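What you see is a predicted model; the values in this text were computed from it and never measured. This chain uses plain numbering: 1 for the first residue, then up along the sequence.
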Amino acid sequence: MPKNKKRNTPHRGGSGGGGSGAAAATAATAGGQHRNVQPFSDEDASIETMSHCSGYSDPSSFAEDGPEVLDEEGSQEDLEYKLKGFIDLTLDKSAKTRQAALEGIKNVLASKMLYEFILERRMTLTDSIERCLKKGKGDEQRAAAALASVLCIQLGPGIESEEVLKTLGPILKKIICDGAASIQARQTCATCFGVCCFIATDDITEMYSTLQCLENIFTKSYLKEKDTNVVCSTPTTALHISSLLVWTLLLTICPINEVKKKLEVHFHKLPSLLSSDDVNMRIAAGESLALLFELARGIESDFFYEDMESLTQMLRALATDGNKHRAKVDKRKQRSVFRDILRAVEERDFPTETVKFGPERMYIDCWVKKHTYDTFKEVLGSGMQYHLQSNEFLRNVFELGPPVMLDAATLKTMKISRFERHLYNSAAFKARTKARSKCRDKRADVGEFF
């Protein structure tokens, strides 16, 4: 899948924007140079500091309704003003305020393309993320890593995102390997490290180093010779899953020789994760195997896997799993996914999916494309559709061509108002309620008859 890396004209933008609404908390000047800022610490803010922060809306809730709210309720200037305030608040002495500011910036950047604004302030943002990763704990580190991923997605491949990765990469790696750090923080840092490397790195040595770092994490879940036939989940299982998934993503852009080496090492060990007692690990391992088969057959059309019979038996058992000790929701989810995985391994088939965004649609017709889409969807959330329409980097990754330019009148006709959406949801709710009532009445009649 071509990445079509494009270098932007280098900009050495300074730290931009000084919001005035939270000036008492941050003492930022109009030019964005921070003066008289209180020392960074992990202490909670005083009541006085929190009252100053209330000049801005809750960062974590801002823009959670997506682009529609931003377009209707705030101009570009208002949005940038809010973002400047959030950037200033990343220097606040309260850990909770810094975390909320990081989440607020991330929510805005996930739902709106602000390339020029971010380009001018990328160094300020990178410094804030670096500080929060180094000095923060748990949730703050998680929020900082999540913002770093979206920042690189906004910047796209080029010198700017390479500088972000160069600054944050060693810190992310340290947190990922730190057994004393929060599991959630390590998990988000692993995803961030892989996604930023996918976007920014041109250094093949750095790519291999990232792959090795992630391998060292998820291979700890492999069955050992002395182990039983079941991989037991541990508190770090979620970290292992994230590391495996983002490792698989990076493998899709590796040179063929490196892919062959990884296939030789992991093809016979990955199936052991299918016996994990964690449904998400089983699914992650199955999808990774399907993608590895796709890569192997792309390199050699007559690729032969020695343990195909035992592997297909295991996949078929998971696709028809009826174990009573497993939750019904987990079994349904697992059976659906493993039916597709079994078809991919046995028949080289993939059920094409269609993703609609605005007036366009994208066909996901292979495991590489599906895995790439799922990874960026996890990072961007509900903003994925907007970025597929507007983000040149993602459009290059999925071979969608240049963004489609639509005039305001066309966009207005495509948009459903909040009132119309409310009416539609209300009607659907009434219909479901009526259907359930009829069903209950029938059961009551049957009960009376007997």
Side-chain angles (χ1 to χ4, degrees), residues 11-40 45 48-67 69-133 135-136 140 143-144 146-155 160-161 163-164 167-168 383 386 390:
H11 291 276
R12 297 289 177 181
S15 56
S20 58
T26 59
T29 64
Q33 299 296 324
H34 298 284
R35 295 172 186 163
N36 301 325
V37 178
Q38 296 184 13
F40 188 102
E48 180 182 359
T49 303
M50 293 305 292
S51 67
H52 287 308
C53 295
S54 64
Y56 289 98
S57 59
D58 178 17
S60 62
S61 63
F62 184 75
E64 63 185 5
D65 291 329
V69 177
L70 299 179
D71 293 338
E72 292 179 357
E73 298 181 1
S75 65
Q76 184 78 5
E77 292 77 13
D78 294 335
L79 178 59
E80 292 183 0
Y81 173 77
K82 290 279 188 181
L83 275 174
K84 289 174 185 177
F86 294 161
I87 292 172
D88 290 340
L89 288 175
T90 60
L91 295 172
D92 196 86
K93 70 177 184 178
S94 165
K96 290 183 178 179
T97 301
R98 295 194 303 269
Q99 178 192 336
L102 293 167
E103 291 173 348
I105 300 169
K106 184 257 182 184
N107 287 340
V108 175
L109 299 187
S111 58
K112 189 90 171 165
M113 279 300 296
L114 296 166
Y115 179 77
E116 295 298 332
F117 179 89
I118 293 302
L119 191 63
E120 293 175 3
R121 295 162 179 81
R122 73 184 188 282
M123 295 178 71
T124 304
L125 277 169
T126 305
D127 289 344
S128 295
I129 294 170
E130 180 183 14
R131 190 182 301 108
C132 292
L133 285 173
K135 304 292 185 180
E140 184 180 352
L147 174 56
S149 299
V150 180
L151 176 61
C152 279
I153 293 173
Q154 282 266 349
L155 291 172
E160 291 79 13
S161 56
E163 290 176 348
V164 173
T167 301
L168 302 180
Y386 178 84
S390 310

Does any part of the side chain of [Y], heavy atoms only, come nearer than 4.5 Å to the side chain of [X], both counted from C-beta?
X      : Y      : result
Leu114 : Leu79  : yes
Phe86  : Glu103 : no
Arg122 : Glu163 : yes
Ile153 : Leu109 : no
Glu160 : Ile118 : no
Glu140 : Lys135 : no
Lys112 : Gln76  : yes
Gln154 : Leu119 : no

As a quick check of understanding, evaluate side chain to side chain contact (heavy atoms under 4.5 Å, CB included) for Ile105 and Val150, giving each step before the final call.
CA-CA 9 Å; Ile105 300 169; Val150 180; over 6 Å; no

What distance do [X] atom [atom1] and [Y] atom [atom2] have between them, rounded to the nearest 0.5 Å?
X      : Y      : atom1 : atom2 : answer
Leu83  : Asp78  : CG    : CG    : 11.5 Å
Thr167 : Asp127 : OG1   : CG    : 7.5 Å
Ser128 : Met123 : OG    : CE    : 12.0 Å
Leu151 : Leu168 : CG    : CG    : 8.0 Å
Lys82  : Glu77  : NZ    : CD    : 14.5 Å
Leu91  : Cys132 : CG    : SG    : 8.0 Å

Minimum-distance pair of heavy atoms, taken over all atoms of Ala101 and Leu89:
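Scanning both residues completely, I find the closest heavy atoms to be CB-CB, 3.7 Å.
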
Provide the closest heavy-atom pair for Met113 versus Tyr386 in the form atom of the first, atom of the second, distance.
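The answer is N-CE2, 3.2 Å.
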
